[in-house]
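Here is the naming used below: chain letters follow the sequence lines, and residue numbers restart at 1 for every chain. Values below: all heavy atoms of this structure, side chains included; hydrogens, waters and symmetry mates excluded. What you see is a predicted model, and the numbers here were worked out from it, not measured in a lab.
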Protein chains: 2
Amino acid sequence: MPLKRTQSAGYMTNWAARLFARAIDQKLKPMGMSSGYLPVFFALADGTARTQKQLALGAGIEQPTMAATLNRMERDGWIEREKDGEDRRITHIRLSAAARDKAQDIQAIVNQVNETALSGLNSLEQRVLLDALGKVTMALTRTEENQKHPVPK
Amino acid sequence: MPLKRTQSAGYMTNWAARLFARAIDQKLKPMGMSSGYLPVFFALADGTARTQKQLALGAGIEQPTMAATLNRMERDGWIEREKDGEDRRITHIRLSAAARDKAQDIQAIVNQVNETALSGLNSLEQRVLLDALGKVTMALTRTEENQKHPVPK
DNA sequence: ATATATTACATAGCAAGCTATGCATCTAAA
DNA sequence: TTTAGATGCATAGCTTGCTATGTAATATAT
């Protein structure tokens with residue numbers, strides 16, 4: 001018998017993710033930021049440079065998606081790219097000075113949306129939610145790896 | 001101080017949602033289905049027709065997104081559209097016979113991915129996760145409504 | 001009865017995700 | 001040392017989401 005959609009973890013996760021993105025994008029838009037930039041922004045926020053590959057891996061997205069995101073971030077003045085002197089395949093990516101200046105504001109907006117989203121949950125429920133999402137991503141990541149390398153080396 | 005990304009509900013929800021979509025799309029693709037079609041498919045699975053507006057509302061997506069999804073579903077033979085005789089603005093949408101025939105298979109695939117995703121959680125954690133996601137969507141939907149109608153009528 | 005609203009859907013244009021594939025460049029093997 | 005493989009990034013083309021806006025049809029108000 002069919003699952004009611006609010007009882008499907010996949011559907012509810014997708015729905016919540018879209019609402020998160022809508023809420024965050026709405027608040028970040030006035031400053032030229034957007035939800036897709038956030039993983040890159042936070043990965044670079046400590047001032048160090050990363051390669052495109054490292055950023056994609058850290059954000060859990062595919063390399064071509066990261067390439068497109070970095071193009072938009074460069075266009076919007078959030079990042080700078082610099083070719084490696086040794087290995088000319090590699091490009092180092094770092095936040096622009098202007099971007100570093102806005103770190104506080106961005107963090108505040110993100111925190112505020114997260115707090116709003118979690119406002120109906122007590123602290124136990126919040127912990128279980130984060131823990132459960134961690135376990136879900138682990139389970140799905142594992143099956144994904146099995147698809148890609150059917151016979152692990 | 002900055003949140004570690006695995007401690008951010010927004011980031012984890014987005015990540016889990018992408019993994020869900022990847023897993024489901026991979027299994028549905030061989031039969032010409034995809035994750036974006038599922039809310040429409042299940043809404044129409046009982047055989048009754050719905051309007052585009054009803055489908056968008058039920059799926060929690062915007063009307064132009066639903067219009068595009070329905071175009072692809074029609075192209076792929078999953079749905080049929082029929083103009084209303086009384087009100088010529090309205091189009092009724094129903095599943096094709098071929099689509100109804102595949103309902104069992106699709107439901108099985110969706111169930112399997114959900115089970116895999118939740119395999120690391122005990123039944124209490126599963127209940128709390130679904131309940132928490134429901135509360136998160138409620139909280140974010142409420143703030144969204146406030147944005148759109150600042151002064152409720 | 002006609003002007004005004006509202007409603008249902010369509011279209012345009014963009015973001016952010018994906019897979020598949022191509023192209024240099026570097027590394028390792030013959 | 002040349003060839004073959006691996007690596008890092010780019011490009012093409014698609015899906016699924018969004019906002020903003022347009023258009024035709026119906027409903028409402030004067």
Side-chain angles (χ1 to χ4, degrees), chain A residues 11 14-26 28-30 32-40 50-57 59-76 78 81-93 144 147-148 153, chain B residues 11 14-26 28-30 32-40 50-57 59-76 78 81-93 144 147-148 153:
Chain A
Y11 178 76
N14 172 275
W15 190 14
R18 284 185 288 110
L19 289 170
F20 263 114
R22 280 189 218 170
I24 289 186
D25 283 331
Q26 187 165 26
L28 289 182
K29 191 169 190 182
M33 243 285 149
S34 77
S35 56
Y37 296 177
L38 289 176
V40 176
R50 300 266 188 288
T51 68
Q52 187 183 106
K53 170 134 205 193
Q54 290 172 328
L55 290 170
L57 217 61
I61 65 177
E62 297 300 320
Q63 171 262 321
T65 302
M66 181 53 74
T69 298
L70 293 175
N71 285 341
R72 290 193 305 276
M73 290 186 78
E74 189 175 35
R75 177 199 66 190
D76 296 348
W78 292 101
R81 300 200 224 217
E82 186 187 1
K83 286 252 173 186
D84 187 286
E86 308 261 301
D87 186 336
R88 281 175 302 168
R89 292 169 302 181
I90 296 179
T91 302
H92 299 282
I93 292 137
E144 191 175 64
Q147 305 282 359
K148 287 190 183 173
K153 325 164 198 181
Chain B
Y11 178 75
N14 173 277
W15 190 13
R18 283 185 290 109
L19 290 169
F20 263 114
R22 281 190 217 171
I24 288 187
D25 283 332
Q26 188 165 25
L28 290 181
K29 190 168 190 182
M33 243 286 147
S34 76
S35 56
Y37 297 177
L38 289 177
V40 176
R50 300 265 188 285
T51 68
Q52 186 182 107
K53 170 133 205 197
Q54 290 172 328
L55 290 170
L57 216 62
I61 65 177
E62 298 300 320
Q63 171 263 321
T65 302
M66 181 53 74
T69 298
L70 292 176
N71 284 341
R72 291 193 304 277
M73 290 185 77
E74 188 175 34
R75 176 200 65 190
D76 296 348
W78 293 102
R81 300 200 224 215
E82 187 188 0
K83 285 252 174 186
D84 187 286
E86 307 261 301
D87 185 336
R88 284 175 302 169
R89 293 170 300 181
I90 296 179
T91 301
H92 298 282
I93 293 138
E144 190 175 65
Q147 305 282 359
K148 288 189 182 172
K153 322 165 199 179

**Study point:** Anti versus syn assignment for C:dA5, with syn defined as within 90° of 0
**Key:** syn

**Study point:** Check: B:Glu82 and B:Ile93 side chains under 4.5 Å, non-hydrogen atoms
**Key:** no

Point to revise | Side-chain heavy-atom pair B:Leu38, B:Met33 within 4.5 angstrom cut-off | key: yes

Check your understanding: Under a 4.0 Å N-O cut-off, is there an ion pair linking A:Arg18 with B:Glu62?
Key -> no

Practice item. Could you state the atom-to-atom distance from CG of A:Leu28 to P of D:dT19 in whole Å? Key: 15 Å

Revision key, fill the gap. Of A:His92 and A:Lys29, the one whose closest nucleotide on DNA chain D sits nearer the 5' end is A:His92

Practice item. Describe the nucleic acid contact of B:Arg50 in one word from base, sugar-phosphate, nothing, applying a heavy-atom distance below 4.0 Å. Key: nothing

Exercise for review: Identify whether any heavy atom of A:Glu86 sits under 4.0 Å from a base atom; if not, whether one sits that close to sugar-phosphate; answer base, sugar-phosphate or nothing.
Suggested key: sugar-phosphate

**Study point:** Distance in angstrom units between A:Leu38 CG and C:dA15 P, rounded
**Key:** 15 Å

Review point. For A:Phe20 and D:dG17, what is the distance between atoms CZ and P respectively, to the nearest whole Å?
Key: 17 Å

Pairs under 3.5 angstrom, nitrogen or oxygen only, protein versus nucleotides 16-18 of chain C, please.
| residue | atom | partner | partner atom | Å |
| --- | --- | --- | --- | --- |
| C:dA16 | OP1 | A:Ser34 | OG | 2.5 |
| C:dA16 | OP1 | A:Gly36 | N | 3.2 |
| C:dA16 | OP2 | A:Arg72 | NE | 2.7 |
| C:dA16 | OP2 | A:Arg72 | NH2 | 2.4 |
| C:dA16 | O5' | A:Arg72 | NH2 | 3.3 |
| C:dC18 | OP1 | B:Arg22 | NE | 2.9 |
| C:dC18 | OP1 | B:Arg22 | NH2 | 2.3 |
| C:dC18 | OP2 | A:Glu62 | N | 2.9 |
| C:dC18 | OP2 | A:Thr65 | OG1 | 3.0 |

Review point. Is B:Arg75 near enough to D:dT15 that one of its side-chain N or O atoms lies under 4.0 angstrom from OP1 or OP2?
Key: yes

Point to revise | Whole-Å gap separating P (D:dG17) and CD1 (A:Ile24) | key: 18 Å

**Study point:** Donor on one side chain, acceptor on other, B:Ser34 and B:Asp25, under 3.5 Å
**Key:** no

Check your understanding: Distance check: side-chain N/O of B:Arg88 vs OP1/OP2 of C:dT7, anything under 4.0 Å?
Key -> no

Check your understanding: Rounded to the Å, how far apart are A:Asp87 CG and D:dT7 C1'?
Key -> 8 Å

Review point. Taking any strand in view, what nucleotide pairs with C:dG13 in a Watson-Crick or G-U wobble way, both distances under 3.5 Å?
Key: D:dC18

Review point. Are any non-hydrogen side-chain atoms of A:Gln52 and A:Gln63 less than 4.5 angstrom apart?
Key: yes

Review point. Could you state the interatomic distance from OH (B:Tyr37) to CG (B:Leu70), rounded to the nearest 0.5 Å?
Key: 10.0 Å

Review point. If we only count heavy atoms from C-beta on, is the B:Leu55 to B:Ile61 side-chain gap below 4.5 Å?
Key: no

Practice item. Rounded to the nearest angstrom, tell me the gap between atom CD in A:Glu82 and atom C1' in D:dC9. Key: 17 Å

